[in-house]
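Numbers restart at 1 for each chain; the letters A, B, ... are given by sequence-line order, proteins then strands.
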Number of protein chains: 2
Amino acid sequence: MLQARSIHLVVDNRDGVALGVQPTSLSDLFVRQPVEQLSAGQALFFEGDAARHLFRVISGTIRIFKIISDGRRVITRFLHAGDIIGVSLKDVYLNSADAIGDACVQRVSRKTLEQELVRTPELGPEMFARMCDELAAQQDQMVLLSRKNAEERLCTFLRAEMRRAAANGAIGAMLELPMTRLDVADYLGLTIETVSRTLTKLANKGILSISGRHVVRIIRQAALAQLCGDDDEYAGERNMVACWARQHH
Amino acid sequence: MLQARSIHLVVDNRDGVALGVQPTSLSDLFVRQPVEQLSAGQALFFEGDAARHLFRVISGTIRIFKIISDGRRVITRFLHAGDIIGVSLKDVYLNSADAIGDACVQRVSRKTLEQELVRTPELGPEMFARMCDELAAQQDQMVLLSRKNAEERLCTFLRAEMRRAAANGAIGAMLELPMTRLDVADYLGLTIETVSRTLTKLANKGILSISGRHVVRIIRQAALAQLCGDDDEYAGERNMVACWARQHH
DNA sequence: CGCAACATTGAGCAAGATCAATACCCGTGG
DNA sequence: CCACGGGTATTGATCTTGCTCAATGTTGCG
């Protein structure tokens with residue numbers, strides 16, 4: 001189908017020049033690539049496009065989504081600085097990707113990746129690992145979409161964003177949410193209104209406070225965790241019990 | 001956590017004996033392994049168990065699921081003859097697996113797999129491919145769970161099962177569904193009652209007819225496809241349009 | 001046959017969607 | 001500096017889909 005074009009700064013040099021150094025991780029593949037700037041809403045690729053590149057996010061947030069009949073949109077993932085897009089090596093992209101607000105990315109061609117995979121077999125396990133992480137994350141999202149209520153969905157989302165922010169060096173309870181309510185809604189399988197109402201409900205409960213459109217302050221982390229609806233600790237044993245309970249009515 | 005034990009016929013020979021032949025596909029790894037018989041409801045493994053084996057389904061249907069607090073269950077996948085379980089190479093299983101009705105499987109240890117991956121690097125791409133297929137399938141399921149209504153969910157499910165049956169050599173419009181309504185409900189994020197009602201609604205519409213608990217006859221394939229709510233054909237162009245429509249209100 | 005598991009059907013309910021009005025935020029231009 | 005305007009968010013009223021609870025029907029096995 002049609003390939004997203006006209007990205008500022010990209011010269012399509014086909015990253016043909018082999019890297020000087022032997023890469024030891026996937027990230028190294030990007031290290032000499034030019035940085036491409038995306039403006040708000042700009043697409044990286046569309047579902048069905050020939051999957052010619054992998055991308056690494058330098059800054060900003062990228063939105064991965066699918067659209068079905070009559071325009072329903074499902075956001076399957078948000079990507080932030082450091083994340084790599086396109087690890088699933090199908091010949092066409094499985095979904096579309098665009099930037100929320102301004103963002104910077106680098107790209108590497110599939111061809112380069114494949115060459116490097118041969119040259120540096122240690123990259124294989126990293127590919128596996130990344131795909132496994134993606135599988136695991138998607139399964140958690142299926143659980144969320146299948147069986148969690150609006151409050152649990154929001155809490156799960158906020159907690160995950162919290163963890164990510166912390167991992168990226170953010171400190172404190174201030175959480176920045178670059179995406180709009182519509183994005184959150186399309187990610188959590190809800191509507192804007194429900195997202196908004198549920199947020200104010202959580203604020204009223206004293207679990208968080210809303211500071212403007214894109215910032216939330218998490219006041220009671222523990223309470224947030226309780227409300228995720230996950231099987232906290234001891235998952236193994238609990239599952240056994242739940243299993244058993246289910247079978248023997 | 002705890003490993004599902006006591007599987008009939010398994011002697012745990014640690015499949016130590018190297019294969020005589022060079023495997024050319026993952027399936028070949030299983031070829032000399034003993035066949036293990038599972039009776040209805042018997043578990044293969046639980047979420048959180050150390051992931052020591054891969055399994056191949058010989059016959060019957062295996063149910064892959066997660067359970068969250070207060071016993072809510074989400075079935076993430078059904079596996080049928082020929083499918084391989086455990087390709088996601090985490091050190092613990094991400095979900096639980098058990099047999100719907102009687103089933104037969106074979107197993108191969110992770111260690112054997114890893115050895116064979118070294119010995120036969122051609123297996124790597126097959127691993128990638130299988131994981132990609134799983135990622136793609138899960139994303140479709142996320143779309144279903146996030147944005148489809150009950151009828152669309154059922155139709156999508158039936159169509160997928162139809163395709164699978166056809167691929168496995170089944171002919172005609174007779175579709176066997178080995179799982180119970182509860183299983184279907186937990187797979188589609190619905191309740192038993194809604195599954196039942198939606199099926200009878202589809203029957204009333206003349207799209208299918210229900211022959212006993214576990215057999216459905218699809219009468220109007222095309223109508224079924226229409227009702228899936230998928231972006232049929234020309235997904236690329238349509239997505240563009242949808243995208244555009246969304247951005248420009 | 002009789003029982004237990006499973007499925008269907010109905011009535012009422014509730015969570016979240018939809019529709020609609022208003023408020024907020026922020027960049028632009030007077 | 002403030003007024004304006006568009007995009008975004010909140011809030012309220014009402015509606016709908018699918019859930020819950022309950023009764024009845026069906027199937028298959030001991």
Side-chain angles (χ1 to χ4, degrees), chain A residues 39-41 63 70-74 100-102 144-155 157 176-204 208-216 227 229 245-249, chain B residues 39-41 63 70-74 100-102 144-155 157 176-204 208-216 227 229 245-249:
Chain A
S39 49
R63 187 165 53 190
D70 60 59
R72 284 173 284 184
R73 183 180 67 160
V74 178
I100 293 179
D102 298 346
L144 180 148
L145 294 171
S146 186
R147 291 293 182 218
K148 289 187 182 179
N149 63 29
E151 189 176 84
E152 291 169 329
R153 290 180 197 206
L154 248 303
C155 290
F157 170 64
E176 212 191 307
L177 299 173
M179 64 291 286
T180 67
R181 298 286 185 265
L182 181 59
D183 291 324
V184 176
D186 284 351
Y187 181 61
L188 299 179
L190 301 169
T191 59
I192 319 180
E193 293 94 329
T194 302
V195 169
S196 186
R197 275 188 253 272
T198 308
L199 274 177
T200 52
K201 198 173 74 177
L202 289 172
N204 291 336
L208 51 81
S209 79
I210 301 167
S211 327
R213 256 164 218 207
H214 294 293
V215 178
V216 151
L227 292 175
R246 217 159 225 281
Q247 292 207 339
H248 307 323
H249 153 320
Chain B
S39 50
R63 187 164 52 191
D70 62 57
R72 286 172 283 184
R73 184 180 68 163
V74 178
I100 293 178
D102 298 346
L144 179 147
L145 294 171
S146 187
R147 291 293 182 219
K148 289 187 180 178
N149 64 27
E151 190 176 85
E152 290 169 329
R153 291 180 197 207
L154 248 303
C155 290
F157 170 65
E176 212 190 309
L177 300 173
M179 66 290 288
T180 67
R181 298 286 186 266
L182 181 60
D183 291 324
V184 176
D186 284 351
Y187 182 61
L188 298 180
L190 301 169
T191 58
I192 320 180
E193 293 95 328
T194 302
V195 170
S196 186
R197 275 189 254 272
T198 308
L199 275 177
T200 53
K201 197 172 75 179
L202 290 172
N204 290 338
L208 51 80
S209 78
I210 301 167
S211 326
R213 258 165 216 203
H214 295 293
V215 179
V216 152
L227 293 175
R246 216 159 226 281
Q247 293 206 336
H248 306 324
H249 149 328

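- Sequence order on DNA chain C of the closest nucleotides to E151(A) and R181(B) puts R181(B) first from the 5' end.
- Contact check for L182(A) versus R73(A): side-chain heavy atoms found under the 4.5 Å cut-off.
- Scanning for salt bridge (Lys or Arg N to Asp or Glu O under 4.0 Å) contacts around R147(A) gives D186(B), with sequence neighbours left out.
- When side chains are defined from C-beta on, L202(B) counts as touching C155(B), because their heavy atoms get closer than 4.5 Å.
- The stretch residues 187-194 of chain B touches DNA chain C through E193(B), each having a heavy atom under 4.0 angstrom from the strand.
- If you measure from atom CD1 of I210(A) to atom C1' of dT10(D), you get 10 Å, rounded to the nearest angstrom.
- The main-chain N or O of L188(B) is found under 3.5 Å from a side-chain atom of R153(B) such that the two form a donor-acceptor pair.
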Problem - Check against side-chain contact (heavy atoms from CB on, under 4.5 Å), D70(B) and R72(B) - result: CA-CA 6 Å; D70(B) 62 57; R72(B) 286 172 283 184; 3.1 Å; yes
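- Note: CG (N149(A)) to P (dT17(D)) measures 21 Å, nearest angstrom.
- Separating the CZ atom of R147(A) from the C1' atom of dG16(C) is a distance of 16 Å, rounded to the nearest angstrom.
- For the pair L199(B) CG and dG18(D) C1', the computed distance is 15 Å after rounding to whole Å.
- Atom pair R72(A):CZ and dA17(C):C1' shows a separation of 13 Å (rounding to whole Å applied).
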Completion exercise
Expected string for nucleotides 25-30 of chain D under the B/S/- scheme (protein heavy atoms, under 4.0 Å, primed atoms plus P, OP1, OP2 as sugar-phosphate) is -BS---
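- Two residues are said to be in side-chain contact when any heavy atoms from C-beta on lie closer than 4.5 Å; E152(B) and L227(B) fail this criterion.
- Taking only distance into account, the side chain of R153(B) never meets the base of dG18(D) through a donor-acceptor pair shorter than 3.5 Å.
- Checked by atom type and distance alone, the side chain of H214(A) never pairs as donor or acceptor with a backbone atom of E176(A) at under 3.5 Å.
- For R181(A), there are no salt bridge (Lys or Arg N to Asp or Glu O under 4.0 Å) partners at least two apart in sequence or on another chain.
- Of the possible donor and acceptor atoms, one in the side chain of T198(A) sits under 3.5 Å from a partner among the backbone N and O of T194(A).
- In terms of phosphate contacts, S196(A) brings no side-chain nitrogen or oxygen within less than 4.0 Å of OP1 or OP2 of dT11(D).
- When the local axes at the two ends of the helix from dC1(C)-dG30(D) to dG30(C)-dC1(D) are compared, using 5 base pairs at each end, they differ in direction by 30° after rounding to 10°.
- L182(A) has its CG atom 13 Å from the P atom of dT10(D), to the nearest Å.
- Taking the salt bridge (Lys or Arg N to Asp or Glu O under 4.0 Å) definition, one finds that E151(A) meets it with K201(A), K205(A), sequence neighbours left out.
- Atom NZ of K201(A) and atom P of dT11(D) are 14 Å apart (whole Å).
- Across the protein-nucleic acid pair, R197(B) atom CZ and dG10(C) atom C1' stand 7 Å apart, rounded to whole Å.
- Distance alone, capped at 3.5 Å, is enough to place a donor-acceptor pair between the D102(A) side chain and the A40(A) backbone.
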